[in-house]
Amino acid sequence: MDAGGCGAEVRCYSTEVAGARPLLLFDSGVGGLSVAGAIRALLPQAPLVYVADHAAYPYGTKPAAVIEARVPALLGRLAERFDPALIVIACNTASTIALDAVRSALDLPIVGTVPAIKPAASLSRTRAIGVLGTEATVRQPYVDRLAAAFAAECTMLRHGSAELVDLAEAKLRGEPGNMAAYRRVLAGLLDQPGGKRIDTVVLACTHFPLVEAELAAAAPRPLTFVDGKEGIARRVAWLTRERAWPQSPPEHRALFTGAGAGIDAYRPGFAAFGFAEVRTV
Ligand code: DGL
């Protein structure tokens with residue numbers, strides 16, 4: 001398709017991205033903002049394009065086959081449109097299901113987000129760790145492989161919570177939190193047999209670091225929460241180490257798939273992460 005009569009679609013769209021090729025961050029919703037914050041701290045000059053796939057939100061309650069079909073196709077279209085230097089799949093659900101498929105489909109560096117089981121296992125003193133993710137993530141064979149490789153000497157309990165994803169979305173819309181709901185989510189993990197020994201919890205969904213303070217306040221005892229955002233940021237910095245980012249402050253943009261209903265409620269939350277522009281794809 002020749003969008004706007006300016007020749008090849010890729011060329012035409014890439015004029016949307018003035019200057020350096022951006023980093024494209026992708027999630028089902030607002031969770032990738034936790035990763036965006038860590039990337040901005042390390043690479044303050046790098047322009048970011050953030051895509052929230054709200055048309056298919058939430059991912060965590062969908063069958064793996066749906067995610068596996070959707071994510072590579074959508075990222076292919078977004079890569080054509082924004083010509084990014086690299087893509088960060090800032091979503092554990094999409095990464096644990098579709099990372100290999102995306103890497104095979106696209107000829108550019110793809111950084112995934114997978115549960116931080118390795119650091120959690122090395123931090124835990126009780127040798128009991130919890131993995132809090134989406135329902136889809138906690139049942140992925142990818143998580144079994146991480147557990148076998150890095151936490152074989154730990155008890156590892158899992159809990160999938162769509163409610164916690166919704167709570168993080170609501171927080172970004174500025175809606176007040178509900179402590180009883182956070183306590184309920186934690187009980188789903190800590191009240192399992194063996195859960196009383198857990199001292200370290202992997203936040204295995206990028207939405208969850210956005211509500212880490214609420215989880216800590218709701219916890220029945222001090223817990224160490226671990227996620228992978230700083231490691232992802234270091235990986236992105238390494239992969240882009242030879243790029244000369246523009247000197248002028250970057251203009252970050254956020255795009256939502258779908259009709260954009262309710263998008264206005266998210267603007268202040270995105271602005272707090274440096275995204276002045278929020279619109280539909
Ligand atoms: N933020 C996503 C993750 O890291 C998924 C949330 C959802 O859409 O269920 O898993």
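This chain uses plain numbering: 1 for the first residue, then up along the sequence. In what follows, every heavy atom counts, from backbone to side chain, and hydrogens, waters and symmetry copies are set aside. Start at 1 and go down the list; that is how both ligands and their atoms are numbered.
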Under a 4.0 Å heavy-atom limit, does Ser28 contact ligand 1 with its side chain, its backbone, both, or neither?
-> side chain
Under 3.5 Å, is there a donor-acceptor pair between the side chain of Thr93 and the main chain of Gly60?
-> no
Which protein non-hydrogen atom lies closest to atom 1 (N) of ligand 1, naming both residue and atom, and how far is it?
-> His207 ND1, 2.7 Å
Are the aromatic ring centres of Phe208 and Phe225 under 6.0 angstrom apart?
-> no
For this output row, return yes or no: ring centroids of Phe256 and Tyr266 closer than 6.0 angstrom.
-> yes
Check ligand 1 against Thr134 and write out every atom of the ligand that is under 4.0 Å from a heavy-atom position of the residue.
-> 5 (C), 6 (C), 9 (O), 10 (O)
Report, in ascending order of atom number, the atoms of ligand 1 lying under 4.0 Å from any heavy atom of Gly60.
-> 7 (C), 8 (O), 9 (O)
Which residue holds the protein heavy atom closest to atom 10 (O) of ligand 1, what is that atom called, and what is the gap in Å?
-> Thr93 OG1, 2.6 Å
Between the side chain of Lys62 and the main-chain N/O of Ala56, is any donor-acceptor distance below 3.5 Å?
-> yes
Return yes if some donor-acceptor pair links the side-chain N/O of Thr96 with the main-chain N/O of Tyr142 below 3.5 Å, else return no.
-> no
Out of Asp227, Asn92, Val35, the nearest non-hydrogen contact to atom 3 (C) of ligand 1 is supplied by Asn92
Enumerated ligand 1 atoms positioned under 4.0 Å from heavy atoms of Asp27 = 1 (N), 2 (C)
Gly29 touching ligand 1 at heavy-atom level, < 4.0 angstrom | no
Is atom CZ of Arg197 surrounded by more than 12 heavy atoms (other residues, nucleotides or ligands) closer than 6.0 Å?
-> yes
